[in-house]
Amino acid sequence: MSNATSIMRKVRHQIRSLIETYPAFYLPLCRARPKIRQITVSKSTEIAIEGYPRSANTFGVAAFTFAKGRQVKNTRHLHAPAHVIAGVRMGVPTLMLIRQPEQVVLSLLVHAPHITPKQALKDYIRFYKSILPYREGYVVADFEQVTQNFGEVIECINNRFETDFKVFEYAEENLTKVFQIVEEMDKQDTGLRGVQEESIARPSRKRERLKMLMQDKLKESGNSYLPREEQDLYKTFTLGQCQMCSSEGKG
């Protein structure tokens with residue numbers, strides 16, 4: 001990557017960071033772009049599935065779509081607090097995803113090497129702090145719940161929003177089909193014929209090796225990339241609504 005490209009990405013990232021917490025500014029920009037307009041939240045949206053990048057966003061959308069048995073009018077993958085806030089205000093059933101910060105950082109650095117650990121964690125804090133005041137309006141699920149027991153997550157959504165979404169059945173055959181949907185989504189997003197192992201939202205041995213190498217590099221450099229604030233935020237979300245919804249889904 002050239003220095004000019006890297007600088008442009010950083011500038012674009014900083015501008016986005018300034019406006020993505022304000023629905024009144026961010027959503028009109030999304031609706032002005034044809035490719036993004038269809039996944040931008042509106043009153044006709046069936047479900048909003050959002051979270052910080054690398055938090056099982058793609059798997060959640062694919063599994064929900066598979067369980068539904070048809071293409072769903074959903075909002076996803078903008079990774080912006082404004083999207084969650086707007087969904088809650090509109091009364092759209094909203095699923096907010098979260099993952100342990102250290103795992104998010106490692107996965108994100110492999111996927112987007114131009115982002116620094118410090119910037120990744122700064123964005124993590126901003127994302128979840130911005131939507132914390134709206135927590136009564138969405139369901140929370142962490143990475144492990146989504147990837148290992150998504151049926152329970154859908155039950156939680158149905159309980160919270162009085163919906164009747166079909167529950168995803170966790171079976172090997174269904175997982176295979178979900179990962180096929182994930183691969184097609186990856187190809188559409190990249191415009192390539194093949195999947196990118198560094199970014200594909202399914203198990204990847206190559207990405208796991210890269211994450212381990214990245215973790216070793218961070219340790220060797222003495223980079224402290226896991227301040228207490230991120231862990232506290234994660235605990236606030238996962239020890240609150242997430243567990244409450246899990247128990248409701250079982251009952």
Side-chain angles (χ1 to χ4, degrees), residues 39 47-68 72 74-81 83-84 87 93-112 115 120-121 123-124 127-128 131 135 138-157 160 165 167-172 174-186 188-190 195-208 210-211 230-231 233-243 245-246 249:
I39 58 172
I47 186 169
I49 300 178
E50 276 293 357
Y52 191 72
R54 319 311 294 175
S55 300
N57 292 270
T58 303
F59 181 91
V61 171
F64 188 91
T65 301
F66 172 78
K68 190 73 173 176
V72 179
N74 62 63
T75 176
R76 59 178 177 83
H77 283 98
L78 294 188
H79 308 301
H83 231 193
V84 179
T94 301
L95 172 62
M96 202 289 299
L97 308 177
I98 193 169
R99 187 181 188 182
Q100 291 183 353
E102 66 268 32
Q103 291 301 315
V104 167
V105 170
L106 291 173
S107 186
L108 189 58
L109 292 180
V110 170
H111 174 61
I115 296 178
L121 289 173
D123 293 342
Y124 185 98
F127 185 98
Y128 291 107
I131 63 174
R135 63 181 301 165
Y138 52 73
V139 165
V140 178
D142 68 16
F143 183 89
E144 284 71 25
Q145 278 183 302
V146 175
T147 57
Q148 299 175 22
N149 197 355
F150 195 61
E152 183 179 87
V153 174
I154 295 179
E155 287 183 357
C156 178
I157 294 169
R160 169 63 180 81
F165 296 131
V167 174
F168 176 75
E169 296 181 11
Y170 198 91
E172 194 66 33
N174 292 346
L175 283 176
T176 298
K177 293 179 179 178
V178 167
F179 288 140
Q180 289 174 351
I181 296 174
V182 167
E183 291 191 358
E184 288 304 314
M185 292 173 67
D186 183 74
Q188 290 176 10
D189 290 342
T190 62
V195 300
Q196 300 297 295
E197 292 297 328
E198 294 85 354
S199 62
I200 185 71
R202 57 148 170 74
S204 167
R205 292 181 179 179
K206 179 178 180 179
R207 190 172 64 252
E208 289 304 314
L210 291 173
K211 286 170 61 177
E230 286 80 10
Q231 284 284 27
L233 267 174
Y234 177 76
K235 290 178 181 178
T236 295
F237 278 93
T238 56
L239 293 180
Q241 203 168 20
C242 188
Q243 286 192 352
C245 287
S246 292

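These numbers were taken from a predicted model, which means no experiment stands behind them. Numbering of residues begins at 1 and proceeds along the displayed sequence.
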Quick check: closest heavy atoms across [X] and [Y], and the distance to 0.1 Å?
{"X": "Ala141", "Y": "Leu95", "value": "CB-CD1, 3.9 Å"}
{"X": "Ser55", "Y": "Val104", "value": "OG-CG2, 4.0 Å"}
{"X": "Val182", "Y": "Ala62", "value": "CG2-CB, 3.7 Å"}
{"X": "Phe165", "Y": "Lys68", "value": "CD2-NZ, 3.8 Å"}
{"X": "Glu144", "Y": "Tyr234", "value": "OE1-OH, 4.3 Å"}

Gap between atom [atom2] of [Y] and atom [atom1] of [X] - 0.5 Å precision:
{"X": "Gln145", "Y": "Ile98", "atom1": "CD", "atom2": "CD1", "answer": "11.0 Å"}
{"X": "Thr94", "Y": "His83", "atom1": "OG1", "atom2": "NE2", "answer": "9.5 Å"}
{"X": "Ile47", "Y": "Ile154", "atom1": "CD1", "atom2": "CD1", "answer": "7.5 Å"}
{"X": "Lys177", "Y": "Thr65", "atom1": "NZ", "atom2": "OG1", "answer": "14.5 Å"}
{"X": "Phe143", "Y": "Tyr52", "atom1": "CZ", "atom2": "OH", "answer": "15.0 Å"}
{"X": "Ile157", "Y": "Glu152", "atom1": "CD1", "atom2": "CD", "answer": "11.5 Å"}

Would you call [X] and [Y] a side-chain contact if the rule is heavy atoms closer than 4.5 Å?
{"X": "Val110", "Y": "Leu106", "value": "no"}
{"X": "Glu102", "Y": "Glu230", "value": "no"}
{"X": "Tyr170", "Y": "Asn149", "value": "no"}
{"X": "Phe168", "Y": "Leu175", "value": "yes"}
{"X": "Phe64", "Y": "Phe150", "value": "yes"}

Please check if the side chain of [X] supplies one atom and the backbone of [Y] the other of a donor-acceptor pair under 3.5 Å.
{"X": "Asn57", "Y": "Ile49", "answer": "no"}
{"X": "Arg99", "Y": "Ala56", "answer": "no"}
{"X": "Tyr138", "Y": "Leu97", "answer": "no"}
{"X": "Ser107", "Y": "Gln103", "answer": "no"}
{"X": "Glu50", "Y": "His79", "answer": "yes"}
{"X": "Glu184", "Y": "Ile181", "answer": "no"}

| said: As a quick check of understanding, evaluate side-chain contact (heavy atoms from CB on, under 4.5 Å) for Phe127 and Met96, giving each step before the final call. | reply: CA-CA 11 Å; Phe127 185 98; Met96 202 289 299; 4.2 Å; yes
| field | NZ or CZ of Arg135 within 45° of Phe237 ring axis and under 6.0 Å | value | yes
| Above 12 or not: heavy atoms from other molecules or residues under 6.0 Å from CD of Glu169? | no
